[in-house]
Amino acid sequence: MDRLKAQAAKNRAAAKVLRSRGKDTAAKQMETRADELESGRVTDVTDTVVGLFRWAQGR
């Protein structure tokens, strides 16, 4: 969950930069994604994917 919250913070920072450059549509998309990450509806599968990759490499 910490990874998701960190990514949400990065998305919000990127949205702020985009908005300052006049790209409101892209900023809104980044903020929407940040909201999804913070909501808990998104599952962090990083460890699972890394494990599968390592398993596949070992063969």
Side-chain angles (χ1 to χ4, degrees):
M1 195 61 161
D2 292 333
R3 288 182 193 137
L4 297 178
K5 287 185 180 184
Q7 185 59 49
K10 289 177 185 177
N11 283 14
R12 291 195 189 286
K16 187 176 179 180
V17 171
L18 288 169
R19 195 163 309 254
S20 71
R21 294 180 181 171
K23 299 185 178 193
D24 291 333
T25 303
K28 185 170 173 87
Q29 289 174 342
M30 294 295 279
E31 289 170 345
T32 300
R33 181 64 178 156
D35 290 341
E36 289 174 2
L37 291 171
E38 291 175 338
S39 73
R41 292 178 295 187
V42 178
T43 305
D44 183 7
V45 293
T46 304
D47 295 331
T48 304
V49 172
V50 169
L52 288 171
F53 181 74
R54 287 182 181 158
W55 174 81
Q57 266 189 325
R59 288 189 113 192

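As a basis for the values below, the full set of heavy atoms in this structure was taken, side chains included, without hydrogen atoms, waters or symmetry mates.
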Sequence neighbours left out, what passes salt bridge (charged side-chain N to carboxylate O under 4.0 Å, His left out) with R33? Give chain and number order.
E36
Could you tell me which non-hydrogen atom of V42 sits nearest to which non-hydrogen atom of L4, and how far apart they are?
O-CD1, 3.4 Å
Applying side chain to side chain contact (heavy atoms under 4.5 Å, CB included), name anything that partners A26, two or more places apart in sequence or on another chain.
L18, K23
In short, side chain to side chain donor-acceptor pair (under 3.5 Å) pairs touching residues 13-22 with sequence neighbours left out are R19-E31
I'd like a table of donor-acceptor pairs (distance under 3.5 Å, sequence neighbours excluded) in which one partner is a side-chain atom from residues 45-52, with atom names and distances.
{"residue": "T46", "atom": "OG1", "partner": "D44", "partner atom": "OD1", "Å": "2.6"}
{"residue": "D47", "atom": "OD1", "partner": "R3", "partner atom": "NH1", "Å": "3.3"}
{"residue": "D47", "atom": "OD1", "partner": "R3", "partner atom": "NH2", "Å": "3.0"}

Side chain to side chain contact (heavy atoms under 4.5 Å, CB included) against K28, all qualifying residues, sequence neighbours excluded
T32
Could you tell me which residues satisfy side chain to side chain donor-acceptor pair (under 3.5 Å) with Q29, sequence neighbours excluded, listed by chain and number?
none
Output all residues satisfying side chain to side chain donor-acceptor pair (under 3.5 Å) with S39, sequence neighbours left out; order by chain, then residue number.
R41
